[in-house]
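I have placed the structure first, in the form of structure tokens, so that the comments after it can refer back to it.
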Amino acid sequence: MPLSLSAALGATAISALIIFATRLFPFVLFSRREPPALLRFIEKYIPPMIMAILLVYCFNGVDFTVRPFALPHITALVVTVLTYLWKHNPLISIFGGTILFMLLQNL
């Protein structure tokens with residue numbers, strides 16, 4: 001049974017309010033006091049850990065013994081890192097590395 005337009009809009013509005021509330025909650029909770037040490041630890045160390053996991057995941061199925069010897073993967077990784085070190089902008093480095101990888105993969 002398909003949803004009516006009003007039901008779809010209502011569900012979208014409720015979802016938007018829930019997402020907004022969950023995003024606002026930490027700012028309201030810690031606006032007048034310092035966050036606990038555990039949250040400061042998570043804030044500092046989780047992003048590099050996630051990046052390491054993504055790196056391992058991206059190179060998981062790559063065969064380094066068959067031509068082109070993962071050259072597109074390694075080149076895109078190096079360009080992504082160098083672009084980030086140069087511009088300090090994650091979006092530019094991620095998009096640049098992805099575009100380069102797609103070009104090298106299809107050539």
Side-chain angles (χ1 to χ4, degrees):
M1 181 170 151
L3 284 175
S4 67
L5 179 62
S6 60
L9 289 175
T12 302
I14 290 171
S15 297
L17 285 173
I18 291 171
I19 290 171
F20 180 74
T22 58
R23 299 287 194 245
L24 185 65
F25 180 71
F27 295 102
V28 171
L29 185 64
F30 299 115
S31 64
R32 295 196 175 133
R33 64 184 175 117
E34 198 65 26
L38 177 63
L39 279 180
R40 282 185 271 131
F41 174 83
I42 290 172
E43 177 185 33
K44 184 176 182 180
Y45 292 109
I46 290 294
M49 285 189 243
I50 290 172
M51 293 305 289
I53 291 169
L54 286 173
L55 184 65
V56 169
Y57 176 75
C58 287
F59 279 91
N60 185 25
V62 177
D63 190 2
F64 291 92
T65 62
V66 179
R67 288 187 70 170
F69 307 108
L71 196 58
H73 299 80
I74 295 169
T75 305
L77 174 66
V78 169
V79 166
T80 302
V81 170
L82 291 177
T83 307
Y84 180 76
L85 292 174
W86 175 43
K87 289 290 187 181
H88 294 285
N89 187 330
L91 287 177
I92 291 174
S93 61
I94 290 170
F95 282 122
T98 303
I99 291 168
L100 177 66
F101 174 74
M102 296 309 266
L103 288 173
L104 291 174
Q105 191 74 12
N106 290 313
L107 289 179

Exercise. Going through the checks in order, is the side-chain contact (heavy atoms from CB on, under 4.5 Å) test met by Leu55 and Leu77?
Worked result: CA-CA 9 Å; Leu55 184 65; Leu77 174 66; 3.6 Å; yes
For residues 38-45, which side-chain donor-acceptor pairs fall under 3.5 Å, sequence neighbours excluded?
unit_1, atom_1, unit_2, atom_2, d
Arg40, NE, Pro35, O, 3.2
Arg40, NH2, Pro35, O, 3.4

Problem set entry | For Leu5, the rest of its hydrophobic cluster, which grows through side-chain links under 4.5 angstrom | Leu9
List the atom pairs, donor and acceptor, that lie under 3.5 Å between side-chain atoms in residues 24-31 and the rest of the protein, sequence neighbours left out.
unit_1, atom_1, unit_2, atom_2, d
Ser31, OG, Val28, O, 3.3

Output side-chain donor-acceptor pairs under 3.5 Å for residues 14-21, partner residues at least two apart or in another chain, one line each.
unit_1, atom_1, unit_2, atom_2, d
Ser15, OG, Ala11, O, 2.9

For this session: Just grab all the side-chain hydrogen bond (donor to acceptor under 3.5 Å, both in side chains) pairs involving residues 63-72, residues at least two apart or on different chains.
Result: Asp63-Thr65
Problem set entry | Remaining members of the apolar cluster that contains Phe95, side-chain heavy atoms under 4.5 Å | Leu91
For this session: Give the minimum heavy-atom separation between Gly97 and Ala76, together with the two atoms involved.
Result: O-CB, 3.5 Å
For this session: Provide the full list of side-chain hydrogen bond (donor to acceptor under 3.5 Å, both in side chains) pairs with a residue in residues 80-96, sequence neighbours left out, each pair given once.
Result: none
Problem set entry | ring-ring contact (aromatic ring centres under 6.0 Å, His included) pairs, two or more places apart, involving residues 53-81 | His73-Phe101
Problem set entry | CD-OG1 distance between Gln105 and Thr98, expressed to the nearest 0.5 angstrom | 12.5 Å
Exercise. Other than Leu3, what residues sit in its cluster of Ile, Leu, Val, Met, Phe, Trp and Tyr side chains whose heavy atoms are under 4.5 Å apart, directly or through others?
Worked result: none
For this session: List, by chain and then residue number, the residues other than Val79 in its hydrophobic cluster (Ile/Leu/Val/Met/Phe/Trp/Tyr, side-chain heavy atoms under 4.5 Å); write none if there are no others.
Result: Leu100, Leu104
For this session: Go through the structure and list residues passing side-chain contact (heavy atoms from CB on, under 4.5 Å) with Leu107, not counting sequence neighbours.
Result: none
Exercise. Who passes side chain to side chain donor-acceptor pair (under 3.5 Å) against Ser4, sequence neighbours left out?
Worked result: Ser6
